[in-house]
Amino acid sequence: MRILIVGGGIGGLTLAAALRLKGIHAEVVERAAAWAPVGAGIVLGLNAMKVLGRIGLAGAVARRGLEVGAARVTDARGRTLTALNLRSLPNDAGRAYALHRAALHEALLTGVDPASIRLNTTLKAIEQDASRVAVQFSDGARGEFDAVIGADGIRSVTRWLTFGESPLYYSGYTCWRFVARGEFKNADTWEMWGRGRRFGIVPLGDGRVYCFTTLNAPQNDSTQRNISLQDFRKLFAGFEGPAPELLASLESADQLLWNDLEEVWLDTWVKGRVALLGDAAHAMTPNMGQGAAMAIEDAFVLAEELAGTADVPATLQRYEARRRERVDFVQTRSRRFGVVAQWESAPACALRNFLARLTPDSVGRKAIEQLANAEI
Ligand SMILES: Cc1cc2nc3c(=O)[nH]c(=O)nc-3n(C[C@H](O)[C@H](O)[C@H](O)COP(=O)(O)OP(=O)(O)OC[C@H]3O[C@@H](n4cnc5c(N)ncnc54)[C@H](O)[C@@H]3O)c2cc1C
């Protein structure tokens with residue numbers, strides 16, 4: 001079986017590692033010229049860690065991260081609306097970890113044969129017939145594969161070459177992320193809800209804290225893209241708790257990683273011998289912290305389906321059939337959650353916070369356990 005994975009990100013590397021365990025060699029092409037320590041932090045939910053455990057990578061992630069304590073949602077003043085201690089869940093639900101994205105990448109690479117990865121390489125053309133996929137790479141090389149998997153993120157070239165133009169759906173809010181210096185006395189994550197904006201705090205455990213902020217804004221707005229540190233601090237000055245100290249620790253606007261939050265919805269992720277996974281297939285808003293988890297689950301299921309198959313197109317169809325309902329559910333939930341969390345009017349926000357405070361912890365606990373314990 002000759003398999004090409006386009007994109008050496010979270011989904012692509014997980015797939016390469018999962019296939020390797022099944023004795024299937026896959027070639028990975030990655031557009032970046034070098035693995036740079038880019039990005040901010042990430043939380044790998046219980047379900048993601050469980051899958052990584054099944055392919056022997058959970059330890060490598062856990063060693064580089066911090067086990068999340070309670071997941072707290074607060075108002076802008078830092079008063080708790082809901083809190084769920086993830087460490088109090090039964091052991092079979094698993095554990096969640098927070099870590100820097102560069103550390104996650106490093107952990108995933110421990111499961112992949114370095115010789116199988118070609119950096120600084122992308123796709124120029126794909127052509128398929130009933131028996132194979134012919135590919136032309138950006139360095140002029142050509143190749144033939146039984147299957148090509150597009151794991152090349154939200155702006156996937158594999159998607160474009162296979163399905164043509166497909167729109168990105170803007171959520172209505174934009175986002176900045178940064179990693180600040182700071183020690184926390186516990187490993188609790190905070191998501192502080194303001195009016196039309198949020199401030200998230202995730203301790204990474206190594207003297208660093210990952211922060212994310214959201215703001216209702218027009219799409220691709222140059223004011224947000226080129227924001228000064230002073231204006232950024234002003235936008236989030238209404239947040240209390242640990243937020244002022246974290247904002248004060250910033251030294252330059254260059255530390256801010258900005259992007260609009262967009263989604264991808266496709267009627268299908270598979271065409272013949274080409275399949276998409278992760279953000280290339282179904283980029284989602286990050287409100288449930290599940291985008292990477294879904295990419296990891298996709299990779300696991302796809303590797304299971306590809307092992308021992310002769311009929312690649314049927315296998316890829318089975319992969320989509322196994323994944324579709326769960327991914328659609330998480331993507332839709334995440335979008336709806338974001339709509340409410342981004343409410344702007346004062347009475348609506350007061351009502352939202354009041355209702356959130358009244359909601360028993362058991363509701364959040366049940367939802368998380370269901371997500372973690374579902375068969376994938
Ligand atoms: C603000 C924010 C916060 C988030 N927080 C969380 C979280 O806490 N938990 C969580 O589970 N998810 C989170 N997510 C979602 C998560 O980041 C994505 O869902 C995840 O990275 C998707 O993985 P992927 O492998 O599909 O794509 P990516 O991680 O984007 O990887 C794609 C890879 O393909 C490469 N590539 C791109 N184009 C090409 C090309 N043409 N040729 C070759 N290579 C190419 C890229 O360089 C990259 O290495 C968050 C997202 C955002 C925006």
Side-chain angles (χ1 to χ4, degrees), residues 4-16 27-36 38-49 51-52 61 65 68 71 96-102 104-105 108-109 117-126 135 137-139 148-161 168 171 173-178 189 191 198 200 202 204 210-214 256-264 269 276-299 302 327 330-331 334 338 371:
L4 174 68
I5 302 172
V6 186
I10 297 169
L13 291 182
T14 306
L15 178 62
E27 211 176 292
V28 181
V29 288
E30 163 59 46
R31 185 180 55 187
W35 301 123
V38 287
I42 191 160
V43 175
L44 286 186
L46 313 170
N47 52 325
M49 288 302 293
V51 170
L52 291 175
V61 169
V68 176
Y97 279 81
L99 70 172
H100 197 282
R101 281 183 185 252
L104 172 58
H105 212 262
L108 296 177
L109 277 170
I117 305 177
R118 272 158 64 200
L119 295 173
N120 203 14
T121 310
T122 182
L123 287 191
K124 280 285 169 216
I126 302 183
V135 161
F137 296 103
S138 52
D139 59 5
V148 171
I149 312 301
D152 45 352
I154 188 164
R155 290 180 167 72
S156 167
V157 163
T158 315
R159 184 177 72 225
W160 180 68
L161 289 171
L168 298 180
S171 63
Y173 44 99
T174 198
C175 175
W176 293 268
R177 288 173 276 177
F178 61 93
T189 63
E191 180 163 318
R198 281 178 279 167
V202 180
L204 298 179
Y210 157 49
C211 301
F212 58 89
T213 57
T214 64
L256 301 173
L257 198 67
W258 169 82
N259 61 284
D260 280 340
L261 297 177
E262 296 166 315
E263 291 183 63
V264 170
W269 312 336
L276 304 174
L277 69 71
D279 279 8
H282 48 66
M284 57 186 71
T285 56
N287 301 304
M288 284 176 66
Q290 277 291 319
M294 289 298 114
I296 289 169
E297 287 187 1
D298 286 351
L302 186 50
V327 169
V330 171
Q331 191 181 32
S334 196
L371 193 65

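Counting starts at 1 for both ligands and their atoms, in listed order.
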Which protein residues have a heavy atom closer than 4.0 Å to any atom of ligand 1, listed by chain and number? Val6, Gly7, Gly8, Gly9, Ile10, Gly11, Val29, Glu30, Arg31, Ile42, Val43, Arg101, Thr121, Thr122, Ala151, Asp152, Gly153, Val157, Cys175, Arg177, Tyr210, Asn259, Leu261, Gly278, Asp279, Pro286, Gly289, Gln290, Gly291, Ala292, Ala293, Ala295
Tell me, yes or no, whether the heavy-atom count around Trp160 atom CH2, taken from other residues, nucleotides or ligands under 6.0 Å, exceeds 12. no
Passes side-chain contact (heavy atoms from CB on, under 4.5 Å), Val68 versus Val43? Steps please. CA-CA 8 Å; Val68 176; Val43 175; 4.2 Å; yes
Can you name the side chain to side chain donor-acceptor pair (under 3.5 Å) partners of Glu27, sequence neighbours left out? Arg118
Measure from the side-chain N and O atoms of Asp298 to the backbone N and O of Gly278, and report whether any donor-acceptor pair falls under 3.5 Å. yes
Donor on one side chain, acceptor on other, Ser334 and Thr285, under 3.5 Å: yes
Determine whether the side chains of Gln290 and Asn47 contain a donor N or O and an acceptor N or O closer than 3.5 Å. yes
